[in-house]
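Report on the structure given below.
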Amino acid sequence: MKGNFEIKRNVLLNPGPATTTDTVKMAQMVPDICPREQEFVSMMKRMREDLVRIVHGNLDKYTAVLFCGSGTMNIDVCLNSLLPEGKKVLVINNGAYSTRAVEICESYGLPFIDLSFPVDELPDLDRVDKVLKENPEIALVHTTHNETGTGILNPIREIGALAHKYGAVFTVDTTSTYAMRPIRIEQDNIDFCMASAQKGLMAMTGLSFVVGNKEIIRKSAGYPKRSYYCNLYLQYDFFEKTGEMHFTPPVQTIYAAGQALEEYFAEGEEAKWARHTRVFQAIHKGLDELGFKDVIKREWQSGLVVSVLYPDDVNWDFKRIHDYCYRRGFTIYPGKISKTDTFRLCALGAIDEQDIKDFFVVLREALQESGVRVPVVYKN
Ligand SMILES: *Cc1c(COP(=O)(O)O)cnc(C)c1O
């Protein structure tokens, strides 16, 4: 680590941004540099290749395209850029992030089918097959890998196989699994996946990327340009020709992501996933001891996000519990699922089992301090 650097460590249990290492934080402190310099261009080239390596993509076939923005930008980019004229998008929708994809289709006036399923259930693959068979104009199928609002994990390999059976391109929002749950882009039948630097990579906000099939990107050169700033082919083409982002990149954020990638490969895919799994299991153990209930069946959970029901206790006040934990360095996150009040505990970030044990000591104190009965109670 460069220089003397002391900064409070917070344990973020919210669904991103995640807790980062001090070395990643420090990596932002670099001499001022114009991003058109060769040094910066070379770093981005390496980064784009590393981002493909994380999902085991063959570099002849797959590429990564960087954007300056939060993760939603990737969904926007893929949907608006990869749909040929006169064709239709199919969104397999069982949660808030796929609903976001539907809203993007609406905003661009793209023809789409919103094939929705209950938020606490897996999509019915027979229905997906039937809709694809009956609607040959579907050219793009989109879904979310880990629906971060609930923590349900969707069967992307199976959905991808169906998309390909009917000749459609498959785009997957892997923002909350990429660089955590192992992904194999080709075997998982993914044409495009995506993420932002502040989740699985444990870097800073402001850098997002789409990893996908070069051939399909090149083909999309002739599709309607529905956005000037957020077009996949235009950004790809500029990268290919110059090695640069078309417009000003988030320079310091990219340096931090470079450091985070080094740390990713040093930790290793398997060891990192084992660590996230340890954290996830510690979250379940802590919740079980306090009597909390999950929203999603355990066998359907992504291993990264636990969505928890508010207990039926007049003294339960999420904000009060949150504030108590926050003052002690732990962040928990509220969220409504349909009409149900829930909060989330996530296994993202540079944290380990001991952080979760420490958190549950604080959570128990917070419940007692608020007068919430422990173990917590539910009416049914
Ligand atoms: C975090 C996240 C995003 C991006 O959300 P932003 O608010 O744009 O950062 C997109 N999809 C999923 C599944 C996510 O978890």
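One-based numbering, in listed order, for ligands and for the atoms of each. Every value quoted in this text rests on a predicted model; they were computed, and no experiment measured them. As a basis for the values below, the full set of heavy atoms in this structure was taken, side chains included, without hydrogen atoms, waters or symmetry mates.
In the model, Asp294 has a side-chain atom that pairs as donor or acceptor with a side-chain atom of Gln301 under 3.5 Å. For Ser338 and Thr340, the side-chain atoms include no donor-acceptor pair closer than 3.5 Å. Residues Thr150 and Asp120 have side chains that never bring a donor and an acceptor to within less than 3.5 angstrom of each other.
In terms of protein heavy-atom proximity, atom 11 (N) of ligand 1 is closest to Asp173 OD2, 2.6 Å.
Judged as a side-chain hydrogen bond (donor to acceptor under 3.5 Å, both in side chains), the pairs with a partner in residues 199-220 (not counting sequence neighbours) are, in order, Arg218-Tyr236.
Counting heavy atoms under 4.0 Å from ligand 1, residue Thr72 touches it through both backbone and side chain. The residue Thr205 has no part lying near ligand 1, judged by heavy-atom distances below 4.0 Å. Here Lys199 has side-chain heavy atoms under 4.0 Å from ligand 1, and that is the only part of it that gets that close. Of all the heavy atoms of Gln198, the ones lying under 4.0 Å from any atom of ligand 1 belong exclusively to the side chain.
Within the structure, the closest approach of Arg100 to ligand 1 falls below 4.0 Å when heavy atoms are considered. Using a 4.0 Å cutoff on heavy atoms, Met194 does not count as a contact of ligand 1.
In this structure, Arg278 is not positioned above the aromatic face of Phe280 in the sense of NZ or CZ being under 6.0 Å from the six-membered ring centre and within 45° of the axis. A cation-pi contact, defined as under 6.0 Å to the ring centre and within 45° of the axis, links Arg48 to Phe239.
Less than 4.0 angstrom separates some heavy atom of Thr148 from each of these atoms of ligand 1: 12 (C), 13 (C), 14 (C), 15 (O). Taking a cut-off of under 4.0 Å to the non-hydrogen atoms of Thr144, the atoms of ligand 1 that pass are 13 (C). Distances below 4.0 Å separate heavy atoms of Ser70 from the following atoms of ligand 1: 6 (P), 8 (O), 9 (O). Those atoms of ligand 1 that come under 4.0 Å of a heavy atom in Ser176, given as number and element, are 13 (C), 15 (O).
Heavy-atom neighbours of Arg275 CZ from other residues, nucleotides or ligands within 6.0 Å: above the threshold of 12.
Between atom CG of residue Leu367 and atom SG of residue Cys325 there is a gap of 8.0 Å, rounded to the nearest 0.5 Å.
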